[in-house]
Number of protein chains: 2
Amino acid sequence: MKRITSQRRAIEAVFAKHDRPLTVEEILNYGRKSVPSLNIATVYRTLKILTDNGSLVKVFHPSFGTLYERSGKDHHHHFFCRECNRAYELPGCALKVDDAAPDGFVVEDHEVFLLGKCPKCIAA
Amino acid sequence: MKRITSQRRAIEAVFAKHDRPLTVEEILNYGRKSVPSLNIATVYRTLKILTDNGSLVKVFHPSFGTLYERSGKDHHHHFFCRECNRAYELPGCALKVDDAAPDGFVVEDHEVFLLGKCPKCIAA
DNA sequence: GTGTATGCAAAGCTTTTGCATAGGT
DNA sequence: ACCTATGCAAAAGCTTTGCATACAC
């Protein structure tokens with residue numbers, strides 16, 4: 001990626017505006033609002049580049065597959081609302097990492113997914 | 001599923017023998033050892049039935065997608081070895097569930113994935 | 001003007017489905 | 001004999017890739 005195109009800018013703007021894990025479809029649809037010609041192949045190619053260079057990280061949703069979010073945030077976990085299917089980032093870490101695995105396992109990383117109902121859907 | 005076929009028995013035997021989260025491909029290959037004609041469509045259909053009736057649960061591996069494991073175990077989490085790519089079940093739960101999400105979120109379920117090196121690969 | 005990134009279409013994978021038939025009951 | 005579950009092949013997602021061309025530089 002050596003040229004700054006309108007497509008590339010549109011995709012980065014999507015992440016700036018919607019700062020949460022997004023599906024490829026969300027990225028495509030939001031991006032098309034500013035660049036209607038935006039193609040799904042371009043989205044995938046750009047996501048790959050941004051993931052490879054560390055700007056984005058993948059998040060795996062139990063039912064929706066791969067989501068993408070901006071990197072560089074503090075360590076956090078994810079909450080998926082079963083009602084509205086939106087992904088949330090939750091600050092902090094409630095995992096007792098030292099107790100998480102038996103002796104003999106070397107834990108280098110971890111991910112925590114919470115599933116339930118978000119405040120919006122409870123209020124609704 | 002109202003009939004007990006050799007395919008069905010073969011698939012259940014695979015889970016009995018390899019009591020850890022398995023990929024569809026692993027299930028197919030292991031199953032074909034006893035029923036060579038076993039077809040991938042049958043595997044998917046059987047996995048769907050066993051998942052729907054609660055005998056199996058899905059486990060989502062960050063890179064390998066959906067794995068299947070037998071249900072009815074105590075609450076546990078998963079460890080994925082980055083070296084040998086094997087999935088382990090870890091007993092217990094080191095998550096402080098009450099602290100996991102801010103007020104306003106209702107946490108119904110959670111999953112924890114640990115990534116690192118397993119004892120076998122450390123020893124090797 | 002040069003060469004990269006895009007759009008389009010085709011191809012790869014994984015998973016699902018339609019249909020004729022083997023085989024469990 | 002009946003009718004479900006299977007195998008096969010086609011289809012339906014999702015993601016990647018080849019190729020001509022638009023466009024950033």
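Only this structure's heavy atoms are used, side chains among them; waters, hydrogens and symmetry mates stay out. Please read all numbers here as calculations on a predicted model, not as lab measurements. Each chain gets a letter, A, B and so on, in the order its sequence line appears, and its residues count up from 1.
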A.B. asks: Give A:L38 one of three labels, base, sugar-phosphate or nothing, depending on what nucleic acid heavy atoms sit under 4.0 Å from its own.
C.D. replies: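 If one applies the 4.0 Å heavy-atom cut-off, A:L38 turns out to touch the sugar-phosphate alone, with no base involved.
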A.B. asks: Name the nucleic acid region contacted by A:S37, choosing base, sugar-phosphate or nothing; use a 4.0 angstrom heavy-atom cut-off, strictly under.
C.D. replies: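 Result for A:S37 = sugar-phosphate.
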A.B. asks: Which nucleotide in the set C:dT6, C:dT17, C:dA9 lies at the smallest distance from any side-chain heavy atom of B:A41?
C.D. replies: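 Side chain of B:A41 sits closest to C:dT17.
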A.B. asks: Could you check B:V24 against A:I4 and say which one's nearest nucleotide on DNA chain C is further toward the 5' end?
C.D. replies: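 Between the two, 5'-proximity favours A:I4.
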A.B. asks: Less than 4.0 angstrom between a side-chain N/O of A:N39 and OP1 or OP2 of C:dC8, yes or no?
C.D. replies: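 It does, given that an N or O in the side chain of A:N39 lies less than 4.0 Å from OP1 or OP2 of C:dC8.
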A.B. asks: Are there more than 12 heavy atoms of other residues, nucleotides or ligands under 6.0 Å from atom NZ of B:K120?
C.D. replies: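 Incorrect, the count does not exceed 12.
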A.B. asks: Please tell me whether A:F79 and A:F113 form a close aromatic pair, meaning their ring centres lie under 6.0 Å apart.
C.D. replies: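 Aromatic pair excluded; centres sit 6.0 Å or further apart.
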A.B. asks: When you measure from the side chain of A:R45, which nucleotide among C:dG23, D:dC19, D:dC8 comes out closest?
C.D. replies: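 Selected nucleotide: D:dC19.
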A.B. asks: What integer distance in Å separates B:R9:CZ from C:dG24:P?
C.D. replies: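 For the pair B:R9 CZ and C:dG24 P, the rounded distance is 8 Å.
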A.B. asks: If you pin A:K58 and B:V35 to their nearest nucleotides in DNA chain D, which one's is more 5'?
C.D. replies: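 Nearest nucleotide further toward 5': that of B:V35.
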A.B. asks: Starting at atom CZ of B:R3, determine the distance to atom P of D:dC3, rounded to an integer number of angstrom.
C.D. replies: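 Rounded to whole Å, this separation is 9 Å.
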A.B. asks: Rounded to the nearest angstrom, tell me the gap between atom CG in B:L28 and atom P in C:dC13.
C.D. replies: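 Taking CG of B:L28 and P of C:dC13, I get 16 Å after rounding.
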A.B. asks: Specify the separation, in whole Å, of atom CG of B:L47 and atom P of C:dT14.
C.D. replies: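 Rounded to whole Å, this separation is 15 Å.
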A.B. asks: When the aromatic ring centroids of A:F105 and B:Y88 are compared, is their separation below 6.0 Å?
C.D. replies: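 They qualify: ring centres under 6.0 Å apart.
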A.B. asks: Please determine whether a side-chain nitrogen or oxygen atom of B:T5 lies at a distance below 4.0 Å from atom OP1 or OP2 of D:dT6.
C.D. replies: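 Answer is yes, contact under 4.0 Å.
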A.B. asks: Grab the CZ-P distance between A:R8 and C:dG7 for me, whole Å please.
C.D. replies: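 Atom CZ in A:R8 sits about 14 Å away from atom P in C:dG7.
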A.B. asks: Check the distance between D:dC14's C1' and A:N29's CG and give it to me in whole angstrom.
C.D. replies: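 So the two atoms are 15 Å apart, to the nearest Å.
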A.B. asks: Using the rule side chain to side chain donor-acceptor pair (under 3.5 Å), only one of A:R20, A:H76, A:K58, A:H18 pairs with A:E69; which is it?
C.D. replies: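 In the set A:R20, A:H76, A:K58, A:H18, the residue that makes a side chain to side chain donor-acceptor pair (under 3.5 Å) with A:E69 is A:H76.
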A.B. asks: Separation of A:K48 atom NZ from D:dT17 atom C1', in whole Å?
C.D. replies: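 About 12 Å, once rounded to whole Å.
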A.B. asks: If the cut-off is 4.0 Å, is B:Q7 near the phosphate of D:dG7, judged by side-chain N/O to OP1 or OP2?
C.D. replies: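 Result: yes.
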A.B. asks: Show the nearest heavy-atom pair for residues B:L90 and A:P102, with the distance to one decimal.
C.D. replies: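 Scanning both residues completely, I find the closest heavy atoms to be CD2-CD, 3.6 Å.
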A.B. asks: Counting the atoms with a prime plus P, OP1 and OP2 as sugar-phosphate, which does B:I40 contact under 4.0 Å by heavy atoms, base, sugar-phosphate, or nothing?
C.D. replies: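 Nothing, no heavy atom under 4.0 Å.
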